[in-house]
Student: 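Got a structure for you, written out below as structure tokens; questions coming shortly.
Just so it is clear, the model here is predicted, and its values are computed rather than measured.
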There are 2 protein chains.
Amino acid sequence: MIQDELTGAVTIGEASRISGLPIETLRYYDREGLFGELPRDAGGRRRFTPDALGLLDVLLRLRRTGMPVEQVREFAEYVRAGDHLRAGRLALLRAHRERVAMDLAQLQADLEVIDWKIAAYQAAEDGNDPPPRDSMTTN
Amino acid sequence: MIQDELTGAVTIGEASRISGLPIETLRYYDREGLFGELPRDAGGRRRFTPDALGLLDVLLRLRRTGMPVEQVREFAEYVRAGDHLRAGRLALLRAHRERVAMDLAQLQADLEVIDWKIAAYQAAEDGNDPPPRDSMTTN
DNA sequence: GGTTGACCTGGAGTGGGCTCCAGGTTGCAT
DNA sequence: ATGCAACCTGGAGCCCACTCCAGGTCAACC
């Protein structure tokens, strides 16, 4: 039984394929409480409902953008707690958003310098003049 | 003696202030061979030459963009080895560049979704309609 | 010449995030 | 009913990148 035809819930293996995360990691996340009370089938196996999968997609993005697991758990809890805590949820997300935006800017700047380095090496390789815009020394 | 007036070399403490890295981390990097043969003063203290500082700036960018320490060491070695290995240097940098570009794209996509989530929560808070463009479920 | 502060070493410890057992069910398919 | 694949648990182990000792040296200033 891969998919519950009625509810659309899937097994952990399927969830793994969908999300790209190893099964072990999904279990780890579950242990850490990221999914709250994940439903189980008669045999005790986890059933990832469409809701859980949707949540997982968001959690994954939070993780990928560098939010620590503990904070992701907090966020997931807010979500589960429902509407009256939306303020906390929003605040958490907003704060994170700022961090990510800064990381992004830093990453872009670093990438630019790396690209410039590549161009410089390439030029030297070809015996041409190095490109302009030095950021520091030329190694 | 903070700066050697003749060579422009600085102490580890100064290098730490310049780079923003803790002294401990600089020593760790040195142990890992990122700087190769770092010059020492009469008393055995590390002297960060302008060259070393310039290199450090690049290494730092590589680290920030997610290159593992071991690979950074490899790169630094190429640099030290001089011109005849420039091809390896270039290849390593190019490969890394691709990875970073992909990370960047992923980060941008994730940030977009997070922003959309924020907007959705905000709208719900205000009692307005949620914004368009759903990526998955609405939690 | 004694105190102070910045430096040194080798090595142990830490934290986050998985990742991997061992040993045990479950349930479809022969 | 026997095999097999996919699931389960509790707990140990691992990797990376630091981070933190303890105990010592060195140079400059009072």
Student: Ion pair present between B/Asp103 and B/Arg99, side-chain N to carboxylate O less than 4.0 angstrom?
Tutor: no
Student: Work out which heavy atom in B/Gly13 is nearest to a heavy atom in B/Ile23; give both atom names and the distance.
Tutor: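 Minimum heavy-atom contact is CA-CD1, 3.9 Å.
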Student: Roughly, in whole Å, what's the span from CZ in B/Arg40 to P in D/dT25?
Tutor: 16 Å
Student: Taking 4.0 angstrom as the limit, do A/Glu77 and A/Arg73 come out as a salt bridge?
Tutor: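 Yes.
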Student: Starting at atom CG of B/Leu34, determine the distance to atom P of D/dC16, rounded to an integer number of angstrom.
Tutor: 15 Å
Student: If you look at every heavy atom in B/Leu34 and B/Leu59, which pair is closest and at what distance?
Tutor: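 Smallest interatomic distance, heavy atoms only, reads O-CD1, 3.7 Å.
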Student: All N/O contacts under 3.5 Å from nucleotides 4-7 of chain C to the protein, with atom names and distances to one decimal?
Tutor:
unit_1: C/dC7; atom_1: OP1; unit_2: B/Thr11; atom_2: OG1; d: 3.0
unit_1: C/dC7; atom_1: OP1; unit_2: B/Gly13; atom_2: N; d: 3.1

Student: Please give me the minimum heavy-atom distance between A/Phe35 and A/Leu26, naming the atom from each residue.
Tutor: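 Distance-wise, the nearest heavy atoms are CE1-O, 3.8 Å.
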Student: When the distance from CG of A/Asp30 to P of D/dG10 is rounded to whole Å, what number comes out?
Tutor: 11 Å
Student: Could you list the protein-to-nucleotides 17-24 of chain D atom pairs, N/O on both sides, closer than 3.5 Å?
Tutor:
unit_1: D/dC18; atom_1: OP2; unit_2: B/Tyr29; atom_2: OH; d: 2.8
unit_1: D/dC18; atom_1: OP2; unit_2: B/Arg63; atom_2: NE; d: 3.1
unit_1: D/dC18; atom_1: OP2; unit_2: B/Arg63; atom_2: NH2; d: 3.0
unit_1: D/dC20; atom_1: N4; unit_2: B/Glu24; atom_2: OE1; d: 3.1

Student: Without decimals, in angstroms, what is the distance between A/Glu32 CD and D/dG11 C1'?
Tutor: 14 Å
Student: When you compare the side chain of A/Glu24 with that of A/Arg27, does any pair of heavy atoms fall below 4.5 Å?
Tutor: yes
Student: Measure the distance from CZ on A/Arg47 to C1' on D/dC8 and round it to the nearest whole Å.
Tutor: 16 Å
Student: B/Asp41 has an atom CG; how far is it from atom P of C/dC8, in whole Å?
Tutor: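 Interatomic distance, CG of B/Asp41 to P of C/dC8: 8 Å.
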Student: Answer yes or no: does atom CD of B/Glu70 have more than 12 heavy-atom neighbours from other residues, nucleotides or ligands under 6.0 Å?
Tutor: yes
Student: Is any side-chain heavy atom of B/Arg40 closer than 4.5 Å to a side-chain heavy atom of B/Arg46?
Tutor: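 When only atoms from C-beta onward are counted, B/Arg46 and B/Arg40 do touch, with a gap below 4.5 Å.
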Student: How close or far is atom C1' of D/dT9 from atom CG of A/Leu38, stated in whole angstroms?
Tutor: 15 Å
